[in-house]
Structure formats: C-alpha cells, structure tokens
Visitor: 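Next up is a structure, given as structure tokens.
Chain identifiers are assigned alphabetically (A, B, ...) following the order of the sequence lines, protein sequences preceding nucleic acid strands; residue numbering begins at 1 within each chain.
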Amino acid sequence: MSGKVPLEKIDDYTWRIPQYKPGMRVPGMVFANRELLEKMQTDRTLGQCVNVAHLPGIYKYSITLPDGHEGYGFPIGGVAATDYNEGVISPGGVGYDINCGVRLVTTNLSEQDIRPKLAQLANAIFQNVPCGLGSRRKDFRVSVHDLERLVVEGVHWAIDHGLGWSEDIKHHEEQGCMKNANPDKVSTTAKNRGLTQIGTLGSGNHFLEIQKVDEIYDERAAKSFGIEHEGQVTIMIHCGSRGFGHQICSDYLRVMERAVQKYKIALPDRELACAPGNTKEAEDYYQAMACAVNYAFVNRQTIMHWVRESFKHVFREDPERFGLNLVYDVAHNIAKIETHMVNGERRKVWVHRKGATRAFPPGHPDIPAELGSQCSYLEVWGQALGFLWVQRKPCR
DNA sequence: ATGTAC
C-alpha cells in the first residue's frame, strides 16, 4: 500500500507527500536519505504518515523524522500539532512508552582513568540497576502514597528523597516535572505495575552505557555542556516509564476507541484512536500521560543516582569527585500543550512527538547563556517548518 | 516499548 504513496523531492533529505487522498487535511513531510526512504517504502511508515495527515485539526504537515519506521498508529519519528480545541489528541502519537527519553551525564575522567576499573564498574552498575523484561527492584519499592506523590512532583520527589543533587533539576526538559499530572486518572493496575519498577532499565532498545567522546564538532557548544575533550568519559541512559506508562497507554487507547464512536470521528486507521481536544477524554488522557512523563523522569533520575553510587563503591570516593553532572534529560515520546505562531497567528496546539526530541529555538531559556541569544541547540528542523522545533531521536 | 492475550 505504501508503495503507492507519491513523493515530491524538496532536497536530498526532504520529501513532501501531496494531499493525494481526499481525507488528507495537510501534506506529509518526510526527512530521510535515499536509503531510509527506500526502507520506508517497503513497510507501512509512509502510509502511517499519510494517515496522521487525516487527523482533525492538524496544522501544516504530518511530519516523519529519521529514522522513521512503523509504529502503533503514528510512525515512530512522527510529529504532529493539532488545534487545542478543534483538533484531537491521540495516544498513538505518543506511543506505549510514554516519556521514553535519554539523558547524558559527563565525568571528568578519561578513557585511561577508567579502563582498569571498567569491569568492576560495569558489574556494580549491573547489580545496582536491574534490566531486562519485567525487571523489578526488591530493595527499593515505593508505596502507593509515594507513587502518587512522585508522579505529581517528578524529579523534585527524587531529590527530596536523596536520589540526586538539587542542581540536577534544571537539566531536565520541563525541569523534570510536567504540570497537570493527576494520579486520580491512573488505573490501579498501572499504579501496581509502577511500584517496583522505579530505577529499572527495561529491555528492547533501552540501555545504560559508559561512553567516551569520540569527536567534538563545536568546541564552544561542547564546553558549555561540560564536554571538554575527546576521550572524555560520559554516561548515557535511555529508558522510559516501564509497565506504568505502558498500562496507561493501553487503558486510554480503550477510552479513545469509545470516544471515536461517541464524537463520530472519521479515521483511516483505528490505531489513531483519539478524542477532540476540548473533551473530558482528552483532558483525562493528558493528566494520566503527565503522570507517566514524571514517572519516567524519576526513573532515569534514580538510575543516574545508582550509577553515582556505583562509582562511589568502586572508587571509594565521593561521586562529586568524578563530576557526574547531568547535561540534560530529554523526552522523545510525549504530548504537550504549547502555543506557537501558525500562519501568522498564535495558536494553542497539542504537539504529539513520537521518537522526536525537542530542539531549542534561539533564546530558549534552557540554552546555556554563554552560547548567546542567537544560538539554537540541536538541529533546528523547525525553521523549515515554520513553527515546530524538533530533532530526530538519538539512533542506535 | 510491554507480565500477556480483544
């Protein structure tokens, strides 16, 4: 089916899908090189990009970023903004792993400093951070009361419980705490699944790696983020909201399937189940999703804490001695209410990002001041698009 | 991605 999706070349890495189907409200915009594009033509990726273009209230484009591939409803790499009132919010535009994301931690060590202790360190981390399908912590389980606090307070909860340093907070998207989180909108099943999984990695493409800086492209930018030299050791953590977010997604997909009937929404694919933005169903999903967003922030924060503890154990020194500063924690599966200029007017929109990291426009407060007000960080795809600033997720 | 499976 997707073999028939027409593509217009904009440049070597940008392809436009015209509104060739009567139901398409906007064109598609696909960012891919030849090789990736060819792969997309063998599966449902482009067809899913076209399906997203049918969503009520969608603005400007249905976007697919590298490395776009098949997902549930939206393709992974899918980005769409829909009108807050006239549009819809769709859990398929976020995915099952709500606030799957990545954080980078720097150290002041070089490869040669760490090499002799590497095996020991890897073992310590392996002990301290459970991984794999269904991984749980027996040593650290939160009560239902704690869970309900942490999904509202986000990283603040972790810091208050000794699971990090206060300066970590400002190095998170949303300062590690999404507002509107409401645990009353989360099922007991989801809460129960969440109790034993704080500080666990999970499986699939989730990872915790000890890395070294291979090459610095922009010295000034790198320095402001604490990347000083090639060979510097860093740590990267990629994971999400575990069974908690997964359960919330499946619970609300059911709610949204009913909403599609109730509000008589025409959709090309039932995996795009959604609700009009100004309904209770939309509000409930958003409040529950925000809980999973905060859960995932706390999960990555807690994992980082146990990495710091592992350094302390292996080197028998305070972790501060090794730097171990958080550069940034960023989500790539999330929906947010944002205001953007669209075709010259201020619009409140639902931004769906699935496998798409936010990048910062010039002047964004999260850009280190020393980089100057004209600097944008990460690749600003948005300049081509007019109002959305997005970046491809880190690929593996 | 995820205890699984409408």
Visitor: Whole-Å distance between B/dC6 P and A/R270 CZ?
Guide: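 So the CZ-P distance, A/R270 to B/dC6, works out to 11 Å.
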Visitor: Would you be so kind as to tabulate the donor-acceptor pairs closer than 3.5 Å made by side chains of residues 120-128 of chain A, with sequence neighbours excluded?
Guide:
| residue | atom | partner | partner atom | Å |
| --- | --- | --- | --- | --- |
| A/N123 | ND2 | A/A119 | O | 3.3 |
| A/N128 | ND2 | A/A124 | O | 3.4 |
| A/N128 | ND2 | A/S310 | OG | 2.7 |

Visitor: Check whether any side-chain heavy atom of A/V52 lies under 4.5 Å from a side-chain heavy atom of A/P75, and answer yes or no.
Guide: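 Answer yes - side chains close enough.
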Visitor: Could you check whether A/R254 gets within reach of a base, just the sugar-phosphate, or nothing at all, counting any heavy atom under 4.0 Å?
Guide: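 Result for A/R254 = nothing.
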Visitor: Whole Å only: how far is the CD atom of A/E70 from the P atom of B/dA1?
Guide: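 Rounding to the nearest Å, CD of A/E70 and P of B/dA1 are 14 Å apart.
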Visitor: Starting at OH of A/Y295 and ending at C1' of B/dT2, how long is that distance when rounded to a whole Å?
Guide: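 Checked: the OH to C1' distance equals 13 Å.
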Visitor: Hey, what's the ring geometry for A/F315 with A/F322, parallel, tilted or perpendicular (30° and 60° as the breaks)?
Guide: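 Plane angle between 30° and 60°, so tilted.
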Visitor: Using a heavy-atom cut-off of under 4.0 Å over every strand shown, decide if A/G240 touches base, sugar-phosphate, or nothing.
Guide: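 Here A/G240 touches no strand at all.
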Visitor: For B/dA1, take OP1 and OP2 only and decide whether either is under 4.0 Å from a side-chain N or O of A/R242.
Guide: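 No, A/R242 has no side-chain N/O under 4.0 Å of OP1/OP2 on B/dA1.
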Visitor: Round to a whole Å and report the spacing from CG of A/N333 to P of B/dT2.
Guide: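 Whole-Å distance recorded here is 11 Å.
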Visitor: Considering just the side-chain nitrogens and oxygens of A/N205, establish if one lies under 4.0 Å of OP1 or OP2 belonging to B/dA1.
Guide: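 The answer is yes; a side-chain N or O of A/N205 sits under 4.0 Å from OP1 or OP2.
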Visitor: Please report the distance, rounded to the nearest Å, between CG in A/D251 and C1' in B/dT4.
Guide: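 My rounded result for the distance is 14 Å.
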Visitor: Is it the case that A/N51 and A/R44 place a side-chain donor and acceptor less than 3.5 Å from each other?
Guide: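 Distance-only check fails for A/N51 and A/R44.
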Visitor: What is the separation between atom CG on A/N99 and atom C1' on B/dT2, rounded to the nearest whole Å?
Guide: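 From A/N99 CG to B/dT2 C1': 16 Å.
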Visitor: Please state how far atom CD in A/Q247 lies from atom C1' in B/dT4, giving the value in whole angstrom units.
Guide: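 Atom-to-atom, A/Q247 to B/dT4, this comes out as 11 Å.
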Visitor: Please give, in whole Å, the distance from B/dT2 C1' to A/I76 CD1?
Guide: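 Whole-Å distance recorded here is 13 Å.
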Visitor: For B/dA1, take OP1 and OP2 only and decide whether either is under 4.0 Å from a side-chain N or O of A/S203.
Guide: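 For B/dA1, neither OP1 nor OP2 has a side-chain N or O of A/S203 closer than 4.0 Å.
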Visitor: For A/V260 versus A/A273, what's the shortest heavy-atom pair and its separation?
Guide: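 Looking at all heavy atoms of both residues, the shortest contact is CG2-CA, 3.9 Å.
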Visitor: For A/E257, which contact category applies under a 4.0 Å heavy-atom criterion: base, sugar-phosphate, or nothing?
Guide: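 No contact.
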